[in-house]
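Since the model is a prediction, treat every value here as computed from it, not as a measurement.
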Amino acid sequence: MKKIEAIIKPFKLDDVKEALQKLGTSGLTVTEAKGFGKQKGHTELYRGAEYVVDFLPKVKIELIIEDDLLEDAVVAIKESAYTGRIGDGKIFIYSLDDAIRIRTGERGSEAI
């Protein structure tokens, strides 16, 4: 099993969700986040005053999948989150030792 974490632009969430559902993923967790990467935020003008926005709004998606779906899921996220502009996001992949469904006690693949 693998855990995928993807940090994407908020307006791309629906596209990514639909692409992952087409693969048959069983679920995902979405967290609103703020952060910055190479773009280091930006400057905005508000009522004549200039100020720096250090942390930009992002969305973090987390999902657990079987190893055989990994590459398809990564491609689906990359293609559906892509805008071609700075700040499109990142994908992180972790190996997962075990998963346990609390209600039934199922472990491993049955738990996801």
Study note, to complete from the structure: Closest non-hydrogen contact found for Ala76 with Leu20 is CB-CD2, 4.5 Å
Review point. Counting N and O atoms only, with roles assigned by atom type, does the side chain of Lys90 sit under 3.5 Å from a partner on the main chain of Glu5, one being a donor and the other an acceptor?
Key: no
Revision key, fill the gap. Separation between CG (Asp88) and CD1 (Ile86), nearest 0.5 Å, reads 9.5 Å
Exercise for review: Might you confirm whether atom CG of Asp68 has over 12 heavy atoms from other residues, nucleotides or ligands at distances under 6.0 Å?
Suggested key: yes
Exercise for review: Rounded to the nearest 0.5 Å, what's the gap from CE on Met1 to CD1 on Ile64? Could you check?
Suggested key: 7.5 Å
Exercise for review: Could you tell me the separation between the CD1 atom of Ile61 and the CG atom of Leu28, rounded to the nearest 0.5 Å?
Suggested key: 6.0 Å
Exercise for review: Determine, step by step, whether Ser80 and Glu18 satisfy the side chain to side chain donor-acceptor pair (under 3.5 Å) criterion, reporting the C-alpha distance in whole Å, the side-chain angles of both residues, the deciding distance to 0.1 Å, and the verdict.
Suggested key: CA-CA 9 Å; Ser80 57; Glu18 288 174 17; over 6 Å; no
Review point. Between Leu63 and Ile91, is there a shared hydrophobic cluster once you connect ILVMFWY residues whose side-chain heavy atoms come closer than 4.5 Å?
Key: yes
Exercise for review: Any chance you could measure Ile8, atom CD1, to Tyr82, atom OH, to the nearest 0.5 Å?
Suggested key: 15.5 Å
Check your understanding: Of the non-hydrogen atoms in Glu106 and Thr104, which two are nearest, and what is the gap between them?
Key -> OE1-OG1, 2.9 Å
Exercise for review: May I ask whether Val30 and Leu23 are part of the same hydrophobic cluster, defined by side-chain heavy atoms of I, L, V, M, F, W, Y residues being less than 4.5 angstrom apart, directly or through others?
Suggested key: yes
Exercise for review: Group every Ile, Leu, Val, Met, Phe, Trp and Tyr by side-chain heavy-atom contacts under 4.5 Å, then state whether Val74 and Leu69 land in the same group.
Suggested key: yes
Exercise for review: With rounding to the nearest 0.5 Å, note down the distance linking CD1 in Ile4 to CD in Glu62.
Suggested key: 11.5 Å
Review point. In terms of hydrophobic clusters joined by side-chain contacts under 4.5 Å, are Phe92 and Val16 together?
Key: no
**Study point:** Glu110 backbone acceptor or donor facing Arg101 side chain under 3.5 Å
**Key:** yes
Check your understanding: Atom CD in Glu66, atom CG in Asp72: separation rounded to 0.5 Å?
Key -> 13.0 Å
Exercise for review: Give a yes or no on whether Ile65 and Leu13 share a hydrophobic cluster (residues Ile, Leu, Val, Met, Phe, Trp, Tyr; joining criterion: side-chain heavy atoms under 4.5 Å apart).
Suggested key: yes
Review point. Should the heavy atoms of other residues, nucleotides or ligands under 6.0 Å from NZ of Lys78 be counted, would the total exceed 12?
Key: no
